[in-house]
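These values consider heavy atoms only, across backbone and side chains, with no hydrogens, waters or symmetry-generated copies. All ligand and atom numbering here is 1-based and tracks the order in the structure.
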Amino acid sequence: MDRIVLLPGDGIGPEVVVEARRVLETVASAQGLDLEFAEELIGGASIDAHGSPLRDEVIDLCRESSAVLLGAVGGPKWDAMAVDVRPEKGLLGIRKALGLFANLRPAAVIPALADASTLRPEVVEGIDLLVVRELTGGIYFGEPRGRGEEGGKRRGWNTMVYDEDEVARITRVAFEQARLRRNHVTHVHKANVLDVCQLWMDVVEEVAKDYPDVTLAHQLVDSCAMLLVRDPGRFDVMVTGNLFGDILSDQAAEITGSLGMLPSASLATGGFGLYEPVHGSAPDIAGQDKANPLAAILSVAMLLETSLACPAGAAAVRGAVSHVLAAGHRTGDLVLEGEAREVIGCREMGRQVLAALEAK
Ligand code: IPM
Ligand code: MG
């Protein structure tokens with residue numbers, strides 16, 4: 001028996017997690033998996049109910065489970081709060097507490113959606129990349145950090161720090177992933193300015209020696225941002241630190257056509273993982289049945305593959321999603337302005353995926 005913890009969170013999180021859960025249940029019974037579900041609060045929902053974005057009980061429950069499926073955290077309601085008690089702190093806290101150091105964010109064009117990108121079709125066509133982002137270190141967690149006053153002036157500071165073990169383990173994940181793909185790793189850095197990135201350079205080069213079958217390139221983060229819009233097809237696996245990965249993964253997501261499509265996995269050593277859509281809580285459309293559940297559903301595919309060792313289940317989910325899109329079903333985010341197309345809601349999109357699964 002495998003226990004899956006659902007953390008729907010805030011905004012559209014609960015809407016997309018419900019649909020993803022239905023998909024997971026359907027695939028599990030078809031594949032003979034024995035699953036049990038537990039549901040808990042995180043983020044703003046947890047602040048409202050318990051006064052804190054993440055409780056120790058929830059961390060313990062996750063530790064005793066096989067995987068976590070998360071919706072999203074945050075929203076305007078909690079925006080005025082200090083960084084240490086905000087909803088986002090719950091997400092950062094769970095990453096750190098569960099040792100989820102490897103964040104995998106694939107960004108690929110689904111052919112039926114190529115026209116939803118803001119980039120020209122011929123540029124978008126070849127996009128199939130994976131951002132491997134370090135998730136429990138770097139400037140997000142580095143000490144010292146804080147705000148204060150010196151000489152009558154307000155100051156704020158954070159520290160970008162990595163040790164060689166943190167760099168080596170994320171680099172290995174990237175090279176292993178590259179072996180499952182097109183055997184190319186791009187290390188993204190700012191070593192022309194930052195000392196910490198010079199350490200990354202050295203360690204990435206050392207690890208690369210164990211993967212002679214994988215090619216390695218180093219790319220400065222600013223020019224990488226530029227190349228991502230000019231020639232995204234050149235990238236296979238990108239490996240980078242927490243902050244650069246945060247920024248580039250949003251950019252990579254958007255150029256594929258819709259942030260609403262992209263799943264992610266945050267992995268610890270040994271197969272445990274937290275899976276979540278990349279899109280965030282989208283408070284502007286929350287509670288209106290307008291969200292796109294496909295990123296959450298595709299996160300279920302990653303969960304099946306990685307934490308439940310069920311590649312056949314993962315393939316079934318991906319097949320069903322492709323089928324539904326090829327049949328022309330679209331949530332609002334997948335439709336260009338001025339395009340004459342029927343738009344369906346979150347619930348209906350979930351139903352379509354279930355129907356496609358059951359038709360198999
Ligand atoms: C992400 C998000 C988070 C991050 C926020 C919500 C803390 O932007 O998962 O990319 O910065 O890591
Ligand atoms: Mg982000």
For [X], state whether at least one heavy atom is located under 4.0 Å from any atom of ligand 1.
| X | answer |
| --- | --- |
| K89 | no |
| R95 | yes |
| R133 | yes |

Sub-3.5 Å donor-acceptor pair from the side chain of [X] to the main-chain atoms of [Y], do we have one?
| X | Y | value |
| --- | --- | --- |
| D10 | G74 | yes |
| Q219 | V221 | no |
| D2 | L35 | no |
| T186 | A217 | no |
| N103 | L135 | no |

Counting non-hydrogen protein atoms only, what is the nearest one to [atom]? Give residue, atom name and distance.
| atom | value |
| --- | --- |
| atom 11 (O) of ligand 1 | Y140 OH, 2.6 Å |
| atom 8 (O) of ligand 1 | D246 OD1, 3.2 Å |
| atom 1 (C) of ligand 1 | R105 NH2, 3.3 Å |

Q) Which atoms of ligand 1 sit under 4.0 Å from any heavy atom of E88? A) 6 (C), 7 (C)
(Q) Please name the atom of D246, limited to N, O or S, that comes nearest to the Mg ion (ligand 2). (A) OD1
Q | Ion pair R351/E19, N-O distance below 4.0 Å | A | no
